Chemist: 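Before anything else, here's the structure in question.
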Amino acid sequence: MGEEEDSVTVDQNSCDGADSSTLPPPPQLSSKVLTLPTVLTLGRVAAVPILVATFYVDCWWGRTATTSLFIAAAITDWLDGYLARKMRLGSAFGAFLDPVADKLMVAATLILLCTKPMDAVVVLGPVPWLVTVPSIAIIGREITMSAVREWAASQNGKLSKAVAVNSLGKWKTATQMIALTILLASRDSSFERLLPSGIGLLYVSAGLSIWSLVVYMRQIMRVLLKK
């Protein structure tokens, strides 16, 4: 799941305890609702039901379509943020919609993978909970962080800075996207040998998710205890 980079950037620039004269000017938000980055984000939202439909098509083209859709979503997740920054096409609506689209795509993919357990390690045989456990950790973390960021945004600027995206969150997102791509591709017999690595990366992503949540909570506690 992608982190809320655009919205956090706006919060950091507009809600800081430092002297406003020393701060760089906040990024200019486009007055348009349907900018190019927002259209790409809407495309990710629209792709979710198509992803679900193709996942249950039990043939080679269905598996290929599902994997291709997810890869395209991961690319546009990076691309819309890049365009918003470089072309100054960021908008308040886009900043709101981007994390929603990411969470929908990732959560839908995790749930789909849980509905069809895979034999990741032949020696162990069928292990139906193998994908379920990290999926619960990842989805639970995202729900918790969404609530925490919404609460922090309603408080002071220091709390907003405490939950700003860090490098740990970016690593979490990267491993998560790679793991899900591998797991979707592994449903095809041509790539099934990659399944153990996909499972391993999913657990790494779940570990980073929990670790980043703990880091954010510790930063919040430091701010609250200083009051």
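Nothing here was measured: the structure is a model prediction, and the numbers come from that model.
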Chemist: Applying side chain to side chain contact (heavy atoms under 4.5 Å, CB included) to R63 and L184, what does each step give before you reach the verdict?
Modeler: CA-CA 7 Å; R63 292 185 286 271; L184 289 173; over 6 Å; no
Chemist: Please tell me if the side chains of L104 and R44 come closer than 4.5 Å, counting only heavy atoms from C-beta onward.
Modeler: no
Chemist: Tell me the closest heavy-atom pair linking V48 and A108, and the distance in Å.
Modeler: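 So the two residues come closest at CG1-CB, 4.0 Å.
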Chemist: With side chains defined as the heavy atoms from C-beta onward, is the minimum distance between M105 and V45 less than 4.5 Å?
Modeler: no
Chemist: Does R187 make a cation-pi contact with F55 (under 6.0 Å, within 45 degrees of the axis)?
Modeler: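 Yes.
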Chemist: Closest approach of T144 and G140, non-hydrogen atoms and distance?
Modeler: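 Minimum heavy-atom contact is OG1-O, 2.8 Å.
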Chemist: About how many Å separate CZ of R141 and CG of L208, when rounded to the nearest 0.5 Å?
Modeler: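 Result: 9.5 Å between the selected atoms.
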Chemist: Any idea which heavy atoms bring A179 and G198 closest together, and the distance?
Modeler: CB-O, 3.7 Å
Chemist: For the atom pair CG (L224) and CE (M217), what is the distance rounded to the nearest 0.5 Å?
Modeler: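 One finds 10.5 Å between CG of L224 and CE of M217.
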Chemist: Which pairs with one or both residues in residues 190-210 pass side-chain hydrogen bond (donor to acceptor under 3.5 Å, both in side chains), sequence neighbours excluded?
Modeler: D188-S190
Chemist: Can you tell me how far the CG atom of D80 sits from the CG atom of L97, to the nearest 0.5 Å?
Modeler: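 Nearest 0.5 Å value for the CG-CG distance: 9.0 Å.
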Chemist: Going from OG on S186 to CD1 on I199, what distance comes out if it is rounded to the nearest 0.5 angstrom?
Modeler: 8.0 Å
Chemist: Compare all side-chain heavy atoms of I182 with those of L195 and state whether any distance is below 4.5 angstrom.
Modeler: no
Chemist: Which distance, rounded to the nearest 0.5 Å, do you find between the CG of L130 and the SG of C114?
Modeler: 10.0 Å
Chemist: Any heavy-atom pair between the side chains of K116 and Y56 that's under 4.5 Å?
Modeler: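 Answer yes - side chains close enough.
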Chemist: Within 45 degrees of the axis of the six-membered ring of Y216 and under 6.0 Å from its centre: does R149 put its NZ or CZ there?
Modeler: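 The answer is yes, since R149 meets both limits relative to Y216.
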Chemist: Quick one: do the T38 and T35 side chains pair a donor with an acceptor below 3.5 Å?
Modeler: yes
Chemist: Establish whether I75 and L51 are linked, either directly or via other cluster members, by ILVMFWY side-chain heavy-atom contacts under 4.5 Å.
Modeler: no
Chemist: T66: what forms a side-chain hydrogen bond (donor to acceptor under 3.5 Å, both in side chains) with it, not counting sequence neighbours?
Modeler: T54
Chemist: Does atom CH2 (W151) have a neighbourhood of more than 12 heavy atoms from anything else shown, all under 6.0 Å?
Modeler: yes
Chemist: Atom OG1 in T76, atom CD1 in I71: separation rounded to 0.5 Å?
Modeler: 12.0 Å
Chemist: Hey, any chance I143 and L110 share a hydrophobic cluster, counting ILVMFWY side chains that come within less than 4.5 Å of each other, even indirectly?
Modeler: yes
Chemist: Do you know the tightest heavy-atom contact between A53 and V57?
Modeler: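 Taking every non-hydrogen atom into account, O-CG2, 3.4 Å.
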Chemist: Measuring only between side-chain heavy atoms, which start at C-beta, is L194 closer than 4.5 Å to L183?
Modeler: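 No, too far: nothing below the 4.5 Å cut-off.
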Chemist: Can you find a heavy atom in the side chain of I138 that is under 4.5 Å from one in the side chain of L202?
Modeler: yes
Chemist: Hydrophobic clusters here meaning ILVMFWY residues chained together by side-chain heavy-atom distances under 4.5 Å, can you tell me if V204 and I178 are in one?
Modeler: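 As far as the 4.5 Å side-chain criterion goes, I178 and V204 are not connected within one cluster.
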Chemist: Should V106 and V133 be regarded as members of a common hydrophobic cluster, given that ILVMFWY residues are connected when their side-chain heavy atoms come within less than 4.5 Å of each other, either directly or indirectly?
Modeler: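 Both belong to a single hydrophobic cluster.
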Chemist: May I ask you to test the L201-L180 pair for a side-chain heavy-atom distance under 4.5 Å?
Modeler: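 Of all side-chain heavy-atom pairs linking L180 with L201, none is under 4.5 Å.
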Chemist: Using ring pair (Phe, Tyr, Trp, His ring centres under 6.0 Å) as the criterion, list what pairs up with Y82, not counting sequence neighbours.
Modeler: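 By the ring pair (Phe, Tyr, Trp, His ring centres under 6.0 Å) rule, Y82 matches W78.
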Chemist: Nearest heavy-atom pair of S212 and L168: which atoms, and what distance?
Modeler: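 Of all heavy-atom pairs spanning S212 and L168, the closest is CA-CD2, 3.5 Å.
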Chemist: Do T173 and D102 have side chains that get closer than 4.5 Å, going by heavy atoms?
Modeler: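 Side chain of T173 against side chain of D102, heavy atoms only: no contact under 4.5 Å found.
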Chemist: Same cluster for L112 and M177 if Ile/Leu/Val/Met/Phe/Trp/Tyr side chains link at under 4.5 Å?
Modeler: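 L112 and M177: one cluster.
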